[in-house]
Amino acid sequence: MLERIRIVLIGTSHPGNIGAAARAMKTMGLEQLALVAPRGEGINPEAIARASGADDILERATLHDTLEPALTDCQWVVGASARSRHLPWPLCSPREFSARLPGEMQSQDSTVALVFGREDKGLTNEELQRCHTHVHIPTSADYSSLNLAAAVQVLAYECRQAWLTTQASTADALPGSAYPFGVEWDNPLANHADTERFFEHLERTLIDIGFHDPANPRQLMARLRRLYMRSRMDVMELNMLRGILTRVERLQSGTGKPGDHDKASL
């Protein structure tokens with residue numbers, strides 16, 4: 001389970017923080033590190049020194065210009081958020097994240113991403129809207145400044161606790177399952193790349209039918225994104241929704257007519 005959890009660091013400005021994050025990961029058994037547009041030198045001698053023996057994680061780290069390719073194959077994306085947002089989003093504590101994690105990873109194909117933002121500004125609203133869930137570390141109100149590597153350590157620890165729980169448990173159903181009632185679902189959850197293609201298709205269709213005005217968005221797409229991200233669509237459900245959008249597009253363009261049916265495999 002631990003090897004399918006990816007730590008994603010966006011816009012890191014201090015190479016030492018990258019090395020310290022790698023050390024935090026290795027102490028808890030995490031292996032995947034993705035760096036998105038680091039603002040500093042990235043992996044340099046300072047990063048290697050701060051890694052304190054976790055050089056292998058730095059060597060395997062992937063480098064991306066944008067967030068999207070770092071999340072492509074992920075079924076559950078969790079963004080670390082230090083403050084409340086204007087548009088509420090599903091939020092959990094580190095302990096709640098830990099309880100939910102085993103259920104999210106029942107399938108051997110599931111990959112989870114934990115996304116951390118810049119040391120000075122955290123994650124942007126757009127980046128947080130790419131996440132299914134936000135996780136907030138409840139620090140002291142008197143001094144809430146948490147170092148990036150320390151935040152990684154807290155959530156990496158919770159990942160390990162979740163893994164240890166699964167090793168000790170003999171229960172048939174895992175806690176916090178992503179699926180209804182903890183049952184084996186009939187289709188895998190949609191990954192990040194397919195979900196983003198759906199949102200692009202949805203926005204394009206809403207513009208075509210005059211429902212969405214990009215010049216006056218009024219948070220429409222953000223709210224629709226929150227709705228669908230919260231529902232945790234599986235592959236078949238996402239394909240059905242895209243089929244509906246395709247039918248609407250054909251009717252709108254005059255290439256289809258009511259009563260026509262697309263072939264669908266349900």
* Starting from the C-alpha separation in whole Å, work towards a yes-or-no answer on side chain to side chain contact (heavy atoms under 4.5 Å, CB included) for Val8 and Cys74. => CA-CA 12 Å; Val8 181; Cys74 298; over 6 Å; no
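Within the 3.5 Å criterion, the main-chain N or O of Ser13 finds a donor-acceptor partner in the side chain of Glu119. A donor-acceptor contact shorter than 3.5 Å links the side chain of Trp89 to the backbone of Cys131. At least one donor-acceptor pair closer than 3.5 Å links the side chain of Thr166 to the backbone N or O of Trp163. Panel note: side chain Arg39, backbone Gly11; a donor-acceptor pair is recorded below 3.5 Å. In terms of modelled atom types and a separation under 3.5 Å, the side chain of Gln32 and the main chain of Glu3 share a donor-acceptor contact. Remark: the backbone N or O of Leu91 is not paired with any side-chain donor or acceptor of His134 at under 3.5 angstrom. At least one donor-acceptor pair under 3.5 Å links the side chain of Thr195 to the backbone N or O of Asn191. Counting only distance, with no hydrogens or angles, the side chain of Thr246 and the backbone of Arg242 share a donor-acceptor pair below 3.5 Å. The main-chain N or O of Pro88 is found under 3.5 Å from a side-chain atom of Arg226 such that the two form a donor-acceptor pair.
Of the options Glu68, Arg197, Gln75, His132, a side chain to side chain donor-acceptor pair (under 3.5 Å) to His192 is made by Glu68 and by none of the others.
In this structure the side chain of Met1 never reaches within 4.5 angstrom of the side chain of Arg160, judged on heavy atoms. Using a 4.5 Å heavy-atom cutoff, the side chains of Arg23 and Gln153 are not in contact. Counting heavy atoms from C-beta on, the side chains of Arg223 and Leu87 come closer than 4.5 Å. In this structure the side chain of Asp109 never reaches within 4.5 angstrom of the side chain of Pro188, judged on heavy atoms. At a threshold of 4.5 Å between non-hydrogen side-chain atoms, the residues Arg100 and Cys92 do not count as touching. Here the side chains of Glu127 and Arg118 are in contact, with some heavy-atom distance below 4.5 Å. Within the 4.5 Å cutoff, the side chain of Asp186 has heavy atoms near those of the Asp234 side chain. Side-chain contact between Pro38 and Leu63 is present, with heavy atoms from C-beta onward closer than 4.5 Å.
Between the side chains of His201 and Glu249, a donor-acceptor pair is found at a separation under 3.5 Å. Using modelled atom types and a 3.5 Å distance limit, the side chains of Trp76 and Thr133 yield a donor-acceptor pair.
Within a 6.0 Å radius of CZ in Arg95, no more than 12 heavy atoms belonging to other residues, nucleotides or ligands are found. Counting heavy atoms of neighbouring residues, nucleotides and ligands inside a 6.0 Å radius, atom CZ of Phe199 exceeds 12 of them. By the 6.0 Å contact criterion, CG on Asp120 is enclosed, its count of non-hydrogen atoms from other residues, nucleotides or ligands being greater than 12. In the displayed structure, Glu41 atom CD is contacted under 6.0 Å by at most 12 heavy atoms of other residues, nucleotides or ligands.
The heavy-atom pair separating Leu71 from Ala113 by the smallest distance is CD2-CB, 3.6 Å.
Contact check on Arg130 versus Glu126 returns a salt bridge, with a Lys/Arg side-chain nitrogen under 4.0 Å from an Asp/Glu carboxylate oxygen. Between Arg4 and Glu104 there is no salt bridge, since no side-chain N of the basic residue sits under 4.0 Å from a carboxylate O of the acidic one. Checked for salt-bridge contact, Arg204 and Asp208 miss the test: no charged N lies under 4.0 Å from a carboxylate O.
Leu2 and Phe97 fall within a single hydrophobic cluster, where Ile, Leu, Val, Met, Phe, Trp and Tyr side chains are chained together by heavy-atom contacts under 4.5 Å.
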